[in-house]
Each structure stands twice: as structure tokens, then as C-alpha cells.
Amino acid sequence: RRQDMPGKVVISIPHIFDRAQRSKANHQKGISGLLKLQKLDPSQFTNEFMYELKRVLSVKRKESCVERFLEFVVSFAAHTPIPAQSDDDQPFITFLIESFLPLCKTSNAYVKFWSCYIIAALLAQFPEDSELDEDLSARLMTVMINERAFDTAVRTRVEAIKALGRLQDSSDPKCPVMPAFLLLLVHDQNTSVRKVILETINITKASIDPIIGRTRDVSKEVRRYAFEILALKVDIQMLKPEQRVQILDAGLNDRESAVREECYKLLQNWLQFCASDPIKLLKYLRVETYEKVCVDAVRAMLFYRHINQKPHHEIIDALEDKLSMELQEPLSNELCLFWRVFIEEQIQAAIENGHSDEPSVQSFTDLEITQFCLLIKSQIQLGASDFSLLQLLKLAQSLDLTDEAGRRMLSLLLSDLIVSPESSSEMLLQTLDLLRLVHPQDTEFIEVVINNIRTIGVPLAQFRAGDKIKLIEEHLEGLQTKLNEVGQKYKAEKDKEQRKQLKTIIRQIQDEAAPLEEQLEIYDSLHQYVISRSLETLCFLFERCSVSVRHPDVKELEEGLLVEAIEHQEPEILKAAIDCIPHLAIESKERCQKYLPLFLHILTTYEENEIFNDLVVSASLRGFFDVCTWYGLATLKELCGDSFNELMESVMEFLEY
């Protein structure tokens, strides 16, 4: 009761509060004054203090004078060593939390908000080395999680989340704060709520993915803040490669420059962690799996003005010095990727700066075509990965191809790569792309590619020469018949000596059949490789040079290679053949009419035939739609005749499936 209080206390507290809300300069002096008043009579001081403090609960708007006043109150509570009551040892800061906690449950929106605001501010000032009373902590979490964190008022939710931030316990898997935070982080519609959760949530295995998810938030501010939090709180070693790539992919390709800027800062932090070594950083990103994102990351490192470019140039200079000597080990995937992107960016920058002549790789390195060819050969001999070779082939697209001798050498090298069984499909396509640059004339390019296709089939032709395979099959058939006869005798024979002799004969027959069976396996494997590689190359030829379908030699390949592939019982080979067909079908109506029955057969019987898997059926659908787009349904109906309706029904059934 105020009438029982000493006059000095009653008069001075409002006066000190009034000065505190006017300027922060009065805070330190005000705290000293309150401490003096508190020592006179702690209990009565507390009553008057609370009476004056609760008057703030009726304020409807969050004004700067109120915030200054509450900041003063919190500072005083954090610094006072005197208990709230003379007969109690409860700290003053805990007493204030206890006093405002019940008010968080009231129906008045202003009282709820200011109560949560005060509690959040007090908890933020609570000493880190101190722990809240377990009962008080439990009651705080109950009220804040069950009621205020999901309050209808946004500003109340924000303050409740700030209060819960101090109550998190990362060591306790059953802590109820984390599930509430994760739920709000993903589903709360308000930007301020999601931002404050990003600010307060502890970094754990459970929270990393939801935080990364906010890098694709609908709000620009939340996305930007998510990158800021990841840069400040999350070490690169805490993340999985997939998570690192997900972060960079979202940030480097964001439509907002402010978000991209924060991602650049994050990338700069990671680069500093790797001692400014981009090659070391790329090792954290799995360049073989996530090439596109790694390329974007290298470009960002070369582009961002706050990243020191000197180490990048030193890496390229050291590499060129290394290439002048005989290499003892293959170049790493990361180094090849960095080298390729570095040169591409240097060339692009030169073009953008207004160079009259388009620059080439020679403007930035001493690499010539002949040196490049020797480099590729040495890397193959040293066992370089397909990824490294692929990066070098992409780099070669920037080479100066005016040197006739160098072009011939490069063309021979590319032909060897096309024919080589060691070249992957991706590497084959890149090799053919480069070959197209070496032979820009259609006629010359078609001749080179068709010669390569014929070269691919040479080992198969050698196997087939003189009916070699047929003779092996007949010989094996005779051995199998003989083996069956001897086997029956062995089962019927009772004499041990005779059984022993028969067993020796059986072993001799098996030994004689083993190399023949091995040759058949080699033939089957070679046969599959030759058809598959030839069809891939042929399809690329059709895609890059449409006039090739009218070339006389293509007719020969169509009647031989394509027919054999269609009759093959391997889904992969059948798919490769179907990929070639649309290019031929659109060349003439006669060819289209020739291949439409194949589409019909596949699309009407795919459920009954195991060879017609999803890849084969999808390729057939693509081919059918390509032909439809080219000729139109009316012409297609004319070409199909009575089978058109059946074909369309099958297409619609498959699309519905």
C-alpha cells in the first residue's frame, strides 16, 4: 500500500522512471538511485516498483520511450544483488519473471504482449552460468509454447519465441521448445516470426535442414537472414555435401541481389576456412555429382569483389608450370573444373570489356592444341577420371582451332575417344560436340562421324568373319550333346574305375567348352557395346546435323544397324534405336510410315512384354509426339490408316497410367 511507504521511495521511483524513459544517458544514474532506495526497505521498494512498472501494460503501441524505460528496468533487475523481499532470497530478476508470468495468460492483448516482452528481455539478461528454477522453467515453457507462441497477435508470438530461446536445451532430445520452433519456422505465415526463430533457434542436427529450407523462403528478408545465420553460426564441416550444395544452389541463383550478396559472404567464409584455397573448398562440394553448382560457386569466387583473386591466379600459374614438365599423377577433378571455369570467365570478361577480336584460351594461357592433345593422352595413361577428362574437353572448346596441323591431331584424338569403350556416354557427347567445332562443314563432319561408326564396328566384324560365331555355337552344341551322353553313362555306371574314367572325360569336355563359352560372352558384350555406341553417335549426328539423314551412307546404317538394334532383346539398345527414329521419320512420309507400326506395337503391348520397360515406352511416346508435331494429326491419320485410332487409345491409356 502506497500510504504506508516512506515518502522518499514513493516520490523518487516515478521520478527516476520518468528520467529513464527520456534518455539512456540517465540509466546508470537511475540504477544507482534505485539501489539506494532499495536498501532502505526492500519489501516496500518492491511494491512501489511493481506498481509503477505495471502501468506500462496499458500502453497500446510499442514506442521508443517505452522501450527505453523497459531496457532500464531490465538493466536494474540484472544488476541488483538485493532480493525482492527482505524475508526471501529470491533474486529480483526471478521475482519479476514470476510476477509477469500469470499476466501472459490474460485475455487483454496489450497486457499479454508487454508481459511477454518483459519476460523475454529479463531472460535475455539472465546470467549464462545460472540456471532457472526447474519449476519456473517448466511453467514458462508451458505458457509460452501452449499459448503465446501460437497467439493470434504477431508481436506477441515474436516476444514469446524470444523468451523460449533462452529455455532451449540442445542436450535434451525431449525438449519441447525445438518442435515448436520447427513447426513455426515452416508454417507460420508471418515473416517476422520466421526471422526471429532463425535468430534464436539452436543449431542442431534437427534444426539444420529446416534452417536451410528457409533459403528458399517466399520472403526475400527471410531468405537473406537465413544465409546470414548460416554464415555466422554454421561451420562448413557441420554440413553434409548435399546440404552445402543445396545452400549454394539456392543462394547463387536467387533472383534478389541482396540474397545473393549474403550467399557470397557465406561462400567467402567457407573459402577463408579453407585457407583461401578454392580447390580445397571444391572438395567439400563433390564436383563429380554437383558439377553445375560447383561451376556457379567458382564463378562467384571469381566474381565477388571482396574475395582476394591472387590465390586463384597463383593456382593457374602453378598448373601451367606443372604442365611444362612430365606429369606423374592425374590432375584432380577439382583442379580441372576450376581451370576450365577460370579460363571461360577470363574470356567472357574480355568479351564484355569490348575486345574487337573474340579472345581465346591462348590469351590467358600458353596452351596450344598439340599440347592439349598430349595432355589428354597423358591423363588417360595416368588413369584420370572421366570427370577430369570431360572438363578438359570442355576447356578445349575455347582453344584456337586455326592451326591446321593441330586440328588434324585433335580430330584423330577425338576419333580415338569416340571409338574407345572407356569413354562414358557423357564424354562421348562432349567429344562429338568438340569434333563438330573442329569440322564445321556439314559434309566433312558427316564423313568423319560415319567413319567413326564404322570403326566402332570393326572388332565385331572380325568376330563374325568366316562364320566364326556360328562355328563356335555348333561346336558348343556338339560338346553339350556329348556331355549329356557321358553324364548319363556316369550315373548308370556302377564300376568305380569306369566312373573315374567317365568323370575325367566330363572334365575334359568342360575344359574344352570353357574358352568357347568365354569367347561367346566376349562377343555378346562386344555386340551390345558396338550397337549401343554406334546408335548414340548416330543419334548425335542427326541432332547436330539434320541434313545427315539424307546422306547415302546413313541409308546403309539404317538398313543394317538400326534394324539389328530394333530386333535386339536389350531395352537399352532398343531405346537408343527409338531415339534415332524420329529424325529419320520426319525426313520423308515413306520413312514415317515405315516406323509408325513400331510405335504402335510398343504402346499397345508394353504391359505384356518385359523388354518394353518405362524407358522404351517413354522414348516411343517422345518419338510419336515429335512425328505428330512435324506432320500434324491429319497427315498421321492418313499414314497410319485403320491403326490410327488404336494408336491414339494406347497413347491416352499410357498417359493416364
Side-chain angles (χ1 to χ4, degrees), residues 278-279 282 285 287-288 290-303 309 312-325 327 329-352 355 358-403 406-418 420 422-440:
I279 308 303
L282 288 173
L285 301 178
V287 294
E288 307 88 349
Y290 306 105
E291 180 184 351
K292 180 184 177 299
V293 179
C294 291
V295 168
D296 291 341
V298 173
R299 284 176 178 157
M301 286 187 276
L302 298 172
F303 162 79
Q309 299 300 313
H312 303 160
H313 289 272
E314 289 175 349
I315 289 172
I316 300 302
D317 292 341
L319 175 60
E320 290 183 358
D321 293 340
K322 195 175 181 181
L323 293 177
S324 63
M325 301 178 288
L327 296 176
E329 57 184 18
L331 300 176
S332 69
N333 294 339
E334 294 79 16
L335 182 57
C336 289
L337 176 78
F338 182 81
W339 187 22
R340 190 260 291 187
V341 178
F342 180 88
I343 296 299
E344 288 177 351
E345 289 304 299
Q346 293 289 329
I347 293 173
Q348 185 62 32
I351 294 172
E352 291 175 357
H355 283 222
E358 183 174 333
S360 66
V361 70
Q362 273 71 31
S363 305
F364 308 99
T365 72
D366 297 328
L367 188 67
E368 297 179 354
I369 300 180
T370 52
Q371 289 177 305
F372 172 80
C373 295
L374 293 174
L375 174 62
I376 291 287
K377 289 179 180 179
S378 69
Q379 289 298 295
I380 293 172
Q381 292 172 356
L382 292 169
S385 67
D386 279 357
F387 183 86
S388 295
L389 295 173
L390 190 62
Q391 299 309 307
L392 294 175
L393 290 173
K394 289 180 179 180
L395 170 64
Q397 291 183 336
S398 303
L399 288 168
D400 181 6
L401 300 176
T402 56
D403 177 20
R407 286 176 58 217
R408 284 199 300 270
M409 186 176 181
L410 181 58
S411 180
L412 291 173
L413 172 64
L414 296 176
S415 296
D416 290 342
L417 291 175
I418 291 170
S420 172
E422 304 299 323
S423 300
S424 63
S425 296
E426 189 178 6
M427 201 169 141
L428 172 66
L429 296 179
Q430 188 60 47
T431 303
L432 288 165
D433 263 334
L434 186 54
L435 189 66
R436 183 62 165 138
L437 292 176
V438 176
H439 301 285

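Only this structure's heavy atoms are used, side chains among them; waters, hydrogens and symmetry mates stay out.
Checking E344 against Q397 by side-chain atom types alone, no donor-acceptor pair falls below 3.5 Å.
Listed for the S423 side chain is a donor-acceptor partner under 3.5 Å among the backbone atoms of L417. For Q379 (side chain) and L331 (main-chain N/O), a donor-acceptor pair under 3.5 Å exists by modelled atom type. With hydrogens and angles disregarded, no donor-acceptor distance shorter than 3.5 Å links the side chain of S411 to the backbone of R407. When atom types are taken as modelled, the side chain of S420 and the backbone of D416 share no donor-acceptor pair closer than 3.5 angstrom. Q309 contributes a side-chain N or O that, together with a main-chain N or O of M301, makes up a donor-acceptor pair within less than 3.5 Å.
If you take CD on Q371 and CG on L399, they are separated by 10.0 Å, rounding to the nearest 0.5 Å. In this structure, CZ in R436 is found 15.5 Å from OG1 in T431, a value given to the nearest 0.5 Å. Interatomic distance, CG of L392 versus NZ of K394, reported as 11.5 Å (0.5 Å rounding). Atom CD1 of I315 and atom CZ of F338 lie 5.0 Å apart (nearest 0.5 Å). Within the model, atoms CG of L323 and CG of L374 stand 11.0 Å from one another, a figure rounded to the nearest 0.5 Å. In this structure, CD1 on I316 lies 11.5 Å from CG on D321, to the nearest 0.5 angstrom.
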Exercise. Please walk me through it: do L414 and L393 pass side-chain contact (heavy atoms from CB on, under 4.5 Å)?
Worked result: CA-CA 9 Å; L414 296 176; L393 290 173; 4.1 Å; yes

Exercise. F342 and V298: side-chain contact (heavy atoms from CB on, under 4.5 Å), yes or no, with the steps?
Worked result: CA-CA 8 Å; F342 180 88; V298 173; 5.8 Å; no

For this session: Show your working on side-chain contact (heavy atoms from CB on, under 4.5 Å) between E426 and D386 and close with a plain yes or no.
Result: CA-CA 9 Å; E426 189 178 6; D386 279 357; over 6 Å; no

For this session: Evaluate side-chain contact (heavy atoms from CB on, under 4.5 Å) for E334 paired with L337, printing each intermediate quantity in order.
Result: CA-CA 5 Å; E334 294 79 16; L337 176 78; 5.9 Å; no

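Between E291 and F387, the shortest heavy-atom contact is OE1-CE1, 3.8 Å. The nearest pair of heavy atoms linking L395 to R340 is N-CG, 3.7 Å. Shortest non-hydrogen contact noted between L434 and A396 is CD2-CB, 3.6 Å. Considering every non-hydrogen atom in both L389 and I376, the closest pair reads CD2-O, 4.3 Å.
Between E368 and D403 there is no side-chain heavy-atom pair separated by less than 4.5 Å.
Within a 6.0 Å sphere centred on CD of E314, other residues, nucleotides and ligands contribute more than 12 heavy atoms.
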